[in-house]
Asks: 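What follows is a single structure, and I will ask about it in a moment.
Note that this is a predicted model, so its numbers are computed, not measured. First the proteins, then the strands, lettered A, B, ... as listed; each starts at 1.
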Amino acid sequence: GQNIDQPTEMTATEGAIVQINCTYQTSGFNGLFWYQQHAGEAPTFLSYNVLDGLEEKGRFSSFLSRSKGYSYLLLKELQMKDSASYLCAVKGGGATNKLIFGTGTLLAVQP
Amino acid sequence: DVKVTQSSRYLVKRTGEKVFLECVQDMDHENMFWYRQDPGLGLRLIYFSYDVKMKEKGDIPEGYSVSREKKERFSLILESASTNQTSMYLCASRTPLDTIYFGEGSWLTVV
C-alpha cells in the first residue's frame, strides 16, 4: 500500500526553529514536495526534493533520505504568519506520476 | 507566475442537482488534476487529465466525472450531488518540471 505519515499538530515559539517530519511508503518514488496551506486557502508550493540531501530556500529547508523513506521541513526564525498546515506529498512511480498527499501537520506559532 | 483559476469559490447546491466546477490554467500545461480535501483525510485525487480529451480516474472517482475539451480548461462534474460531496475542491496544474500549482479552491455545500 501507499502511506505518508506526518504529525497531526505541532506548536512552536516565534523566533525558534521547528522541524516537521514526514515518512513515506509508496510504490515508486519520483520526488517529494512540501506545501504550505493557510486556513481556508489553497496549498502553495514550498519545496521539491528528488535527490538525497538538504535543499535550502530562505528560512525554509527540506531534507530527503530516499533509503529511509524520510523527509523533514525545517523552518527557521519562525514568524506568526508561519502558522499553517504543512503538507508532505510524494510523487509515485509509473506513467501517471500521481502525487500522494499526507494529511498535513498543523503548526501553531505562539508569541 | 502560474495561474490556476477556479470559477466558483463558494457554492450551495441541493441534493440531486448537477454541479459544474470549472478550472482554467494559463500556462499551456498538459497535466491537470481535481482533488477534494476533507478534515482528517487530507487531499484525495478524484480525476486527472494528461491531455485534451484524456482522463484517468484517481483514488475516489465515484460520483464524479470530468471534461477536458480544451487544454486550458478542466471541469469537474457532479452528476447528482449528494451531501457526502460537501467538501473543498481543489484544481491543480502541473508544470513540465513536475511542480503542482493549485487553484484557490471551491467550497461546495450540498444540502
Asks: Determine whether A/Val18 and A/Phe63 fall in the same hydrophobic cluster, where Ile, Leu, Val, Met, Phe, Trp and Tyr are linked whenever their side-chain heavy atoms lie under 4.5 Å apart.
Replies: no
Asks: Less than 4.5 Å to any heavy atom of chain A: does that hold for the side chain of B/Arg44, its backbone, both, or neither?
Replies: neither
Asks: Indicate if A/Trp34 and A/Leu54 have the same hydrophobic cluster label, given that clusters are the connected sets of ILVMFWY residues with side-chain heavy-atom separations under 4.5 angstrom.
Replies: no
Asks: Checking A/Leu87 against chain B: side chain, backbone, both or neither under 4.5 Å from a heavy atom?
Replies: side chain
Asks: Strictly distance-based, threshold 3.5 Å: is any side-chain N or O of A/Tyr35 a donor or acceptor partner for the main-chain N or O of B/Tyr101?
Replies: no
Asks: How long is the span from the CD atom in A/Glu41 to the CE atom in B/Met88, to the nearest 0.5 Å?
Replies: 8.5 Å
Asks: Mark yes when over 12 heavy atoms from residues, nucleotides or ligands other than A/Glu77 sit less than 6.0 Å from its CD; otherwise mark no.
Replies: no
Asks: According to a hydrophobic-cluster definition based on side-chain heavy atoms being under 4.5 Å apart (Ile, Leu, Val, Met, Phe, Trp, Tyr only), do B/Ile46 and A/Phe101 belong together?
Replies: no
Asks: Might you point out which heavy atoms bring A/Ala42 and B/Phe102 nearest each other, and give the distance in Å?
Replies: CB-CB, 4.1 Å
Asks: Between B/Ile100 and A/Pro43, is there a side-chain heavy-atom distance shorter than 4.5 Å?
Replies: no
Asks: Need one label for B/Leu90: side chain, backbone, both or neither, based on atoms under 4.5 Å from any heavy atom in chain A.
Replies: side chain
Asks: Nearest 0.5 Å, what's the CG-OG1 distance between A/Leu99 and B/Thr99?
Replies: 10.0 Å
Asks: State plainly whether one hydrophobic cluster holds both B/Trp34 and B/Val24, where clusters connect Ile, Leu, Val, Met, Phe, Trp and Tyr through side-chain heavy atoms under 4.5 angstrom apart.
Replies: no
Asks: Consider only side-chain heavy atoms of I, L, V, M, F, W and Y, link residues closer than 4.5 Å, and tell whether A/Ile17 and A/Met10 are in one cluster.
Replies: no
Asks: Chain A heavy atoms under 4.5 Å from B/Gln6: which part of the residue, side chain, backbone, both or neither?
Replies: neither
Asks: Is atom CZ of B/Arg14 surrounded by more than 12 heavy atoms (other residues, nucleotides or ligands) closer than 6.0 Å?
Replies: no
